[in-house]
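Okay, structure first, notes after.
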Amino acid sequence: MFVVMTAGAIEAEVLGVKSRILAEGLTPFDHQDLDHVVIAVVGEIGGRKPALIEAFSVLPGVERVTPINSPFKLTSREFHPEDTVIRVLDAAIGDGSLSVMAGPCSIESRDQLFETAEAVKAAGATVLRGGAFKPRTSPYSFQGLGVEALRYLAEAREQTGLPVITEVMEPSQVDIVAEYADILQIGTRNMQNYSLLRDVGRVARPVMLKRGYGATVEEWLMAAEYIVSSGNPNVILCERGIRTFETYTRNTLDLSAVPLLHHLTHLPVIVDPSHATGKRWLVRPLAIGGVAVGADGVMVEVHPDPDAALSDAEQQLDLDMFRSLMDAIVPVHEHVRGLHGEPVLAGVSAAGSGARGGDGLGKH
Ligand code: PEP
Ligand code: MN
C-alpha cells in the first residue's frame, strides 16, 4: 500500500508515519512526488491490510492510503510516476536521449578492447561494454579474462571517457566488479539469483538487469524489486530475447515488452538485439525496431574481427557494421521522439495510471 501525504505535510508528520510503519514490522520507502510525499509500505502485510489502512489513514499529515494490487511496488509507475534517469559520468540513461552500449562480448586482450572502444566512441556509443566474467553454456568454452579484463576496462574508460558496463556473475565478485565498472550487469541466467540481486542492491553503482530467457515481465520486475528494495534505485532493464519454439534465431526479441514496461515501471529499458537474434545480419533491423518502439537505448556486441571472437562470434558486428547501425538508429530515434513528444515528467498524480498514458510511449 502507499501512504499519500497531504501537500502541506511537514517532516515530523512524514517521520511519524514512517516510524509507525516500522513499528508494524514493515519497511517504509518514501518518494517525493511533484507536490506530495508518497510512502510505500513494503513487507509481509497479509490479512492485516484493512486494519493497517485504517490505522495509517488517521495519522497526522496523511491524505489517503492506497491499496496496491500489483506485486511490484517500488519499481511501479504508481509509486514513482516520473521516469528514472540514471547518470554515469557524462552519460544519462532514461532522459529521452539514445543510449548505445557497445563493445565486445568478451574482453580478449587489451588491444582488442582498445581498438573497439575507440571505434565505438567515435561512432557515437555512450557506454562501453565488455565481458570479463563470462557465463558460458559449456564449462569448456572461454570463461573470460576475469580481473585482468576489469583492469583493461578501467583503462579504456580513462582513454575514451565512456562509462563501462560488465557482468557480475556471483555475490563474491560484486565488490571487485563495482571497484572497476560504472554499471554492473546481471545476465539472463542470473535474473532470479536472489542473493546476487540483494548484493548488487547494496552497492553504489547502477545495475542493468537482463530479462531471464524464460521470465515473464512480472517476474522480471519482481527481480528488479529485489535490487531496489535492497537500497539501490538505479536499475536499468534490458530485453535480450526470450526462448520460444523458434530455432532460426537464438531467442525471440519481445519488442512488446518495451512499451509495456514503460507503462508499468519508471525504470529505463534497453534492447539487446545481439543476444536476441544470435545473427549479425539481424542485429541492425532489430536495433531499429527497438528504438522505434521506444527503448531508451540498445546494447550491441562489436568486435574488430568477429569471426575470430572467442565467444558469440556469429552475432558480433564488425566496426563498419556498427557505424552503419548508428547511422540507421540515430535518425529513427529523432523521428520517434518527434512523433511522441518530450518527456512526461510532470502533472501525474501518485495514484495515476502511468506517466506515459495510453500509448505507453509518452517520452519519445
Ligand atoms: C552478455 O551481455 O554478455 C550476456 C552474456 O548476455 P545474456 O546474459 O543476455 O545472455
Ligand atoms: Mn555475448
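Position 1 is the first residue of the sequence; numbering continues from there. Order of listing sets the numbers, starting from 1, for every ligand and every atom in it.
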**Nearest-option assignment for atom 7 (P) of ligand 1, heavy atoms, candidates M208, R250, M101, K210** = K210

**Message:** Here's a test for you: under salt bridge (charged side-chain N to carboxylate O under 4.0 Å, His left out), which of D312, D318, D320, D307 qualifies with R280?
**Reply:** D307

**Request:** If you have a sec, work out which protein heavy atom is nearest atom 4 (C) of ligand 1 and how many Å separate them, to one decimal?
**Result:** H275 NE2, 3.4 Å

**Prompt:** Judged by modelled atom types alone, do Q192 and Y194 share a side-chain donor-acceptor pair under 3.5 Å?
**Reply:** yes

**Subset of ligand 1 atoms that lie under 4.0 Å from at least one heavy atom of R189** = 10 (O)

**Asked** What protein atoms of element N, O or S are positioned under 2.8 Å from the Mn ion (ligand 2)?
**Response** C105 SG, H275 NE2, E301 OE2, D312 OD2

**Request:** Would you check whether K134 has a nitrogen or oxygen atom less than 3.5 angstrom from a nitrogen or oxygen atom of ligand 1?
**Result:** yes

**Asked** Under 4.5 Å between any side-chain heavy atoms of L264 and S76, yes or no?
**Response** no

**Request:** Could you name the option among R240, R129, E301, M299 that has the heavy atom nearest to atom 2 (O) of ligand 1?
**Result:** R129

**Sub-4.0 Å heavy-atom approach of R211 to ligand 1** = no

**Complete:** I93 and M101 have their tightest heavy-atom pair at CD1-CE, 4.0 Å

**Asked** Are the side chain of R211 and the backbone of A215 linked by a donor-acceptor contact shorter than 3.5 Å?
**Response** yes

**Fill in**
Of all protein heavy atoms, the one nearest atom 5 (C) of ligand 1 is E167 OE1, 3.7 Å

**Asked** Which ligand 1 atoms does G187 reach within 4.0 Å, using its non-hydrogen atoms?
**Response** 8 (O)

**Prompt:** What is the ring orientation for H80 with H31, classed by angle as parallel under 30°, tilted 30 to 60°, or perpendicular over 60°?
**Reply:** parallel

**Request:** Step through the shown structure and confirm whether more than 12 heavy atoms of other residues, nucleotides or ligands are within 6.0 Å of CD on E11.
**Result:** no

**Prompt:** Is there a donor-acceptor pair closer than 3.5 Å between any side-chain N or O of R129 and the backbone N or O of V164?
**Reply:** no

**Asked** What protein heavy atom sits nearest atom 8 (O) of ligand 1, and how far off is it?
**Response** T188 N, 2.8 Å

**Asked** Is it true that a side-chain atom of Q112 and a backbone atom of S106 form a donor plus acceptor pair closer than 3.5 Å?
**Response** yes

**Message:** Is it true that, when you exclude Y213 itself, more than 12 heavy atoms of the residues, nucleotides or ligands shown sit nearer than 6.0 Å to its OH?
**Reply:** no

